[in-house]
Amino acid sequence: MKWVTVDRISGYEGEVVQLKGWIANRRSSGKVRFLLVRDGHGTIQCVVGAHDVAPEAFELADKVPYESSIVVTGTVKRDPRSPVGFELAVSDLQLVSEAQPYPISKKDHGVGFLMDHRHLWLRSSRQAALMKIRAAVSKAARDYFDELGFTAVEAPILTPTACEGTTSLFQVGYFEGSAYLTQSGQLYGEAAAMALGTIYVFGPTFRAEKSKTRRHLTEFWMIEPEMAFWEFPETIDLAEGMICRIVRDVLERCAEPLRALERDVSTLEKVTAPFPRITYSEAIDILKERGLPIQWGDDLGGDEETVLSEAFDRPLFVTHYPAAIKAFYMKRDPNDPRLALAVDLLAPEGHGEIIGGGQREDSLEKLEETLALHGLDRGPLEWYLDLRRYGSVPHAGFGLGIERCVAWIAGIHHVRETIAFPRLMDRLYP
RNA sequence: UCCCCGAUAGCUCAAUUGGCAGAGCGGGUGGCUGUUAACCACUAGGUUGUAGGUUCGAGUCCUACUCGGGGAGCCA
């Protein structure tokens, strides 16, 4: 007996096949039972007629609780009433495991309840669609860099110190001492770029900040390219190319998940190069014109990002931030030392910053100065300073937050649904 | 850390001015040969988050706490 998955069912019209999955829904009419069977690749209606199966199988179709696991045997039939174009005329039905009463019903639930049942919530079509889009985003980003000849390098998750002194870190025991969970792979990425030229780090990142917003997780994933001998403008081009590639691949490969999420893809189809590029100073002017209370030197908050991104119809690069509000490793603008060669990408539709990056400081002396200015202990960073002692070169890179990118592309409000098991300030279960 | 909102059946919510705690879904029983969150009938299901207080009487008013949601700051 041929075991097939729902996504391939159209190739088996008229044939008898087996499906293995779970009961997503059950309806009935007289002596017909309709089972919606979900197998992870799709959902299809299986029709069980009282006279077409053994009495035990019909009894099972009548009673089988939601989310029980089953194996169904039947003939694949084209049917215009089916959302997938086909249904299964069942000849046999076998129970794998009977489910206890399933906590998630077809009606509405609150976010707290769903998050407590995240391990089951993932079975819903909406969550499955988000996981597929997330996987497509990750793959597109990797493919983009792989095809450009970048080498994938993993940065350590356990680190001896902060990468950027400002943010708080998770401390963990490390034998007799302690370690921290990484807040960025970037510094290690810089070391790898000096060895391999162009690299990218793709891994988890941890921030112990007590952030409670729709854009924050305590554990999230970043893809961080780092390029030796690259300077500022071509780094922005690279980020632009990566976003276009991600959006293109998701539109091509995730039509069904996007439809399931009722995503208006017309805004995604507009995501083509070139993206608008404005400087921080221009951004401040725009915000002042629109009446926001902001001064040159202030960082851009969520409200400011939303106003800026709504002024353009595609992702927006903001460049040349004041050095004072950026990390210690940012290179100063040679034309204006108040500024850093830093770039952020703001996603449209109010999703905020999804990329942050720029050119790195390559002068040992200047880096030492900035470290002192930020009050950072240079001891644990001596290895990083070595990169400037032994053949320092201009180099640049950026980091893309996967969850924010997925939230934007999928058109959903909160990043917590874009990762299978989100970690938030007050949520560590399941 | 700060601001706002909330907690009533397994879930989502209702309960008028402080006056008998209810509905839908889910569970159970039965019905229907094409259902699409199917539908129809019946049925079980409650220490109203916790601890105090006001009152003849508290789901409702007051205080504290706990938990959750939304937002700010910080950042991707």
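Residue numbers begin at 1 in each chain, while the letters A, B, ... track the order of the sequences. All values reported here derive from a predicted model rather than from experimental measurement.
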> Out of rC11(B), rG31(B), rC75(B), which nucleotide sits closest to the side chain of Phe113(A)?
Replying inline: rC11(B)
> Within this structure, what is the NZ-to-P distance between Lys31(A) and rG34(B), rounded to whole angstrom?
Replying inline: 12 Å
>> One character per nucleotide, please: for nucleotides 67-73 of chain B, 5' to 3', B when the base has a protein heavy atom closer than 4.0 Å, S when only the sugar-phosphate does, - otherwise.
In response: -SBBBBB
> Which pairs with one or both residues in residues 45-66 of chain A pass ring-ring contact (aromatic ring centres under 6.0 Å, His included), sequence neighbours excluded?
Replying inline: none
>> Between Glu13(A) and Lys77(A) (salt bridge meaning N to carboxylate O under 4.0 Å), is one present in this structure?
In response: no
> Between rU55(B) and rC42(B), how far is it from one C1' atom to the other, in whole Å?
Replying inline: 42 Å
> What distance, rounded to whole Å, do you find between the two C1' atoms, one in rG18(B) and one in rA23(B)?
Replying inline: 23 Å
>> Between Phe421(A) and Trp121(A) (judged by ring centroids, cut-off 6.0 Å), do the two rings come close enough to count as a pair?
In response: no
> In whole Å, what is the span from the CD atom of Gln183(A) to the P atom of rC74(B)?
Replying inline: 16 Å
> Looking at Asp39(A) and Lys20(A), does any basic side-chain N land under 4.0 Å from a carboxylate oxygen?
Replying inline: no
> If we take the C1' atom in both rC25(B) and rC20(B), what is their distance in whole Å?
Replying inline: 26 Å
> Does the side chain of Glu209(A) come under 3.5 Å of the side chain of His216(A) through a donor N or O and an acceptor N or O?
Replying inline: no
>> Using atom C1' in both nucleotides, what's the gap between rA44(B) and rU35(B) to the nearest angstrom?
In response: 27 Å
>> Protein within reach of the bases, or only the backbone? For nucleotides 22-30 of chain B, mark each nucleotide 5' to 3' as B, S or -, using heavy atoms under 4.0 Å.
In response: --SSSS--S
> In whole Å, what is the span from the CD atom of Glu305(A) to the P atom of rC75(B)?
Replying inline: 11 Å
> Between rG53(B) and rU16(B), how far is it from one C1' atom to the other, in whole Å?
Replying inline: 26 Å
>> What's the gap between rA15(B) and rG49(B) when it is taken at their P atoms, as a whole Å value?
In response: 15 Å
>> Defining pairs by Watson-Crick or G-U wobble geometry with both distances under 3.5 Å, how would you list the stems of RNA chain B with at least three pairs each?
In response: B:1-7 with B:66-72, B:10-13 with B:22-25, B:27-31 with B:39-43, B:49-53 with B:61-65
> Gln45(A) has an atom CD; how far is it from atom P of rU35(B), in whole Å?
Replying inline: 10 Å
>> Between Asp52(A) and Lys31(A), does any side-chain N to carboxylate O distance fall below 4.0 Å?
In response: no
> Does a side-chain N-to-carboxylate-O contact under 4.0 Å join Lys366(A) and Glu369(A)?
Replying inline: no
> Which ring-ring contact (aromatic ring centres under 6.0 Å, His included) pairs, counting each pair once, include a residue from residues 291-324 of chain A, with sequence neighbours left out?
Replying inline: Phe232(A)-His320(A), Phe275(A)-Phe317(A), Tyr280(A)-Trp296(A), Tyr280(A)-Tyr321(A)
> More than 12 heavy atoms of other residues, nucleotides or ligands under 6.0 Å from CZ of Arg423(A): is that the case?
Replying inline: yes
> Does the ring centre of Tyr200(A) sit less than 6.0 Å away from the ring centre of Phe145(A)?
Replying inline: yes
> Taking NZ, NE, NH1 and NH2 as the nitrogens, is one of them in Glu403(A) or Arg215(A) under 4.0 Å from a carboxylate oxygen of the other?
Replying inline: no
>> Under a 3.5 Å threshold, yes or no: a donor from one side chain and an acceptor from the other, between Gln186(A) and Glu226(A)?
In response: no
>> Within the 4.0 Å heavy-atom criterion, would you say Glu224(A) contacts the bases, only the backbone, or no part of the nucleic acid?
In response: nothing
Pairs under 3.5 angstrom only: tabulate donor-acceptor contacts from the side chains of residues 85-101 of chain A to other protein residues two or more places apart or in another chain.
from, atom 1, to, atom 2, distance (Å)
Glu87(A), OE1, Gln45(A), NE2, 3.4
Ser91(A), OG, Thr73(A), O, 3.3

> Which residue lies toward the 5' end of RNA chain B, Lys326(A) or Ser82(A), if each is placed at its nearest nucleotide?
Replying inline: Ser82(A)
> Considering only the P atoms, how many Å lie between rG30(B) and rG70(B), rounded to the nearest integer?
Replying inline: 43 Å
> If we take the C1' atom in both rG45(B) and rG24(B), what is their distance in whole Å?
Replying inline: 14 Å
> Which whole-number value in Å describes the distance from Leu36(A) CG to rA37(B) P?
Replying inline: 9 Å
>> Distance check needed: rC74(B) C1' versus Glu353(A) CD, whole Å only.
In response: 11 Å
> His109(A) has a side chain; which of rC32(B), rU12(B), rA76(B) sits nearest to it?
Replying inline: rU12(B)
>> Over all strands shown, is Ile355(A) touching base, sugar-phosphate only, or nothing at heavy-atom distances under 4.0 angstrom?
In response: sugar-phosphate
>> Without decimals, in angstroms, what is the distance between Arg27(A) CZ and rU35(B) C1'?
In response: 6 Å
